[in-house]
Amino acid sequence: MNLRLDIRTKILLLLLANVFMFKKMSIYEHLILATIFSLIVFIFFNQYRALRIYAIYLLFTLYELFLAKVGSLGFIDNLVLFSSLLFKTVYFPICAGMVLVGSSKVSELITFLRKIKLSNSVIIVLAVVFRFFPVMLADYSMIKNSLKIKGVGNSPFYYFRHPLKFMEYVFVPYVIISTNIANELSISCLCRGIEHKGKASSIQVLKFKITDYLFMIFLVKLVVFVFIFKI
């Protein structure tokens with residue numbers, strides 16, 4: 001069972017992740033910090049996804065350290081190194097975003113946004129965006145599972161060998177479904193009474209727990225080590 005953090009603690013983590021993204025680091029320093037963020041995902045969100053994204057990070061890092069120095073493969077080598085640069089640049093925000101979006105409720109976000117006195121129009125937009133990508137991923141998974149039941153896409157690299165079938169069976173239905181997601185989420189937010197002009201009430205209570213205080217102390221120490229002692 002994953003430990004839970006208050007949504008304000010997770011937003012603080014996301015802000016620090018974006019700051020770390022612009023910090024100049026060596027490969028080994030970046031690896032240490034990436035390991036820490038992967039452990040945060042492992043503890044506070046999902047173990048399988050943490051291991052999977054960290055494995056991708058390690059593959060890119062190993063390629064930079066060893067394979068790229070053995071010999072150049074021209075265009076392929078440049079493509080892999082460019083992909084590695086992009087992935088590792090946004091790795092910290094990705095990990096923090098996974099923890100925030102994957103382990104938080106919309107009601108928690110709405111309660112937090114109301115506490116900081118944002119307008120209802122901004123709250124609606126942020127609430128829809130907050131749930132848009134998880135719903136898209138869930139719909140994509142449902143499409144793939146339904147196709148596997150019909151015997152389509154069961155073999156590895158099936159869609160790489162049949163790109164037109166990917167367009168027909170996956171991409172087109174996915175686009176059609178995604179066009180309705182935003183409308184459905186907007187209606188869901190309106191049903192929660194976001195447009196109500198009076199003082200809003202909520203059963204959702206935001207409260208810091210001992211886990212949040214310990215985690216924020218850890219974040220302070222991490223900032224000190226990164227910017228002062230330089231890990």
Side-chain angles (χ1 to χ4, degrees), residues 1-21 37-50 52-53 90-146 173-216 218-219:
M1 183 177 180
N2 296 316
L3 297 175
R4 289 192 60 83
L5 294 172
D6 187 88
I7 191 170
R8 292 166 290 184
T9 307
K10 288 178 276 191
I11 291 175
L12 175 62
L13 174 65
L14 181 61
L15 294 175
L16 288 178
N18 282 275
V19 173
F20 291 151
M21 181 176 65
F37 270 84
S38 300
L39 287 174
I40 292 174
V41 178
F42 187 90
I43 296 171
F44 294 105
F45 175 45
N46 184 284
Q47 291 84 4
Y48 172 73
R49 293 187 181 181
R52 185 172 60 179
I53 192 173
V90 298
Y91 187 80
F92 303 144
I94 286 176
C95 290
M98 289 171 64
V99 175
L100 174 62
V101 176
S103 61
S104 302
K105 300 177 182 178
V106 179
S107 56
E108 292 177 321
L109 177 67
I110 294 174
T111 303
F112 168 72
L113 296 177
R114 280 174 172 166
K115 282 183 175 293
I116 60 176
K117 307 299 182 181
L118 285 183
S119 64
N120 289 335
S121 58
V122 176
I123 293 177
I124 292 174
V125 172
L126 293 177
V128 170
V129 172
F130 187 78
R131 293 306 306 162
F132 183 76
F133 293 103
V135 172
M136 286 183 65
L137 292 175
D139 288 343
Y140 179 72
S141 178
M142 291 174 59
I143 292 174
K144 290 185 65 177
N145 290 336
S146 65
Y174 190 61
V175 171
I176 295 174
I177 292 175
S178 63
T179 55
N180 298 323
I181 292 177
N183 290 332
E184 293 174 358
L185 292 176
S186 299
I187 294 172
S188 175
C189 290
L190 295 177
C191 291
R192 296 173 186 266
I194 292 181
E195 285 194 330
H196 179 58
K197 301 298 182 180
K199 185 178 180 181
S201 60
S202 175
I203 62 172
Q204 184 68 51
V205 178
L206 300 182
K207 185 179 180 181
F208 287 120
K209 299 179 181 179
I210 185 65
T211 309
D212 297 286
Y213 292 114
L214 293 175
F215 188 76
M216 284 189 284
F218 167 76
L219 290 180

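Small disclaimer: the values here were computed from a predicted structure and weren't measured. Here, residue 1 is the first one in the sequence, and each next residue gets the next number.
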Q: Check Leu14 against Gly97 and note the closest heavy-atom contact, atom names and distance.
A: CD1-N, 4.0 Å
Q: Determine, stepwise, if the pair Asp6 / Lys209 fulfils side chain to side chain contact (heavy atoms under 4.5 Å, CB included).
A: CA-CA 8 Å; Asp6 187 88; Lys209 299 179 181 179; over 6 Å; no
Q. From Leu206 CG over to Arg114 CZ, what is the distance, rounded to the nearest 0.5 angstrom?
A. 11.5 Å
(Q) Contact between Leu13 and Leu100 at the side-chain level, heavy atoms closer than 4.5 Å - yes or no? (A) no
Q: Determine the minimum heavy-atom distance between Lys207 and Arg8, stating which atoms define it.
A: N-NH2, 3.5 Å
Q) Side-chain contact, heavy-atom cut-off 4.5 Å: Lys10 with Phe44? A) no
Q. Nearest 0.5 Å, what's the CD1-CG distance between Ile11 and Leu5?
A. 12.0 Å
Q: Rounded to the nearest 0.5 Å, what's the gap from OH on Tyr213 to OG1 on Thr9? Could you check?
A: 9.0 Å
Q | Validation row: Phe45, Cys95 side chains within 4.5 angstrom (heavy atoms) | A | no
Q. CZ/Phe218 to OG1/Thr211 distance, rounded to the nearest 0.5 angstrom?
A. 14.0 Å
Q.
Could you check whether any side-chain heavy atom of Ile40 comes within less than 4.5 Å of a side-chain heavy atom of Phe215, counting everything from C-beta outward?
A. yes
Q | Nearest-0.5 Å distance, CZ of residue Phe92 to OG of residue Ser38 | A | 9.0 Å
Q: Measure across Val106 and Phe130 and return the closest heavy-atom pair with its distance rounded to 0.1 Å.
A: CG2-CD2, 4.2 Å
(Q) Would Ile53 and Val41 count as a side chain to side chain contact (heavy atoms under 4.5 Å, CB included) here? Give the steps. (A) CA-CA 10 Å; Ile53 192 173; Val41 178; 5.5 Å; no
Q. Looking only at heavy atoms, which two atoms of Leu118 and Val122 are closest? And how far apart?
A. CD1-CG1, 4.0 Å
Q.
Can you tell me how far apart CD1 (Ile94) and CE (Met98) are? Round to the nearest 0.5 Å.
A. 8.5 Å
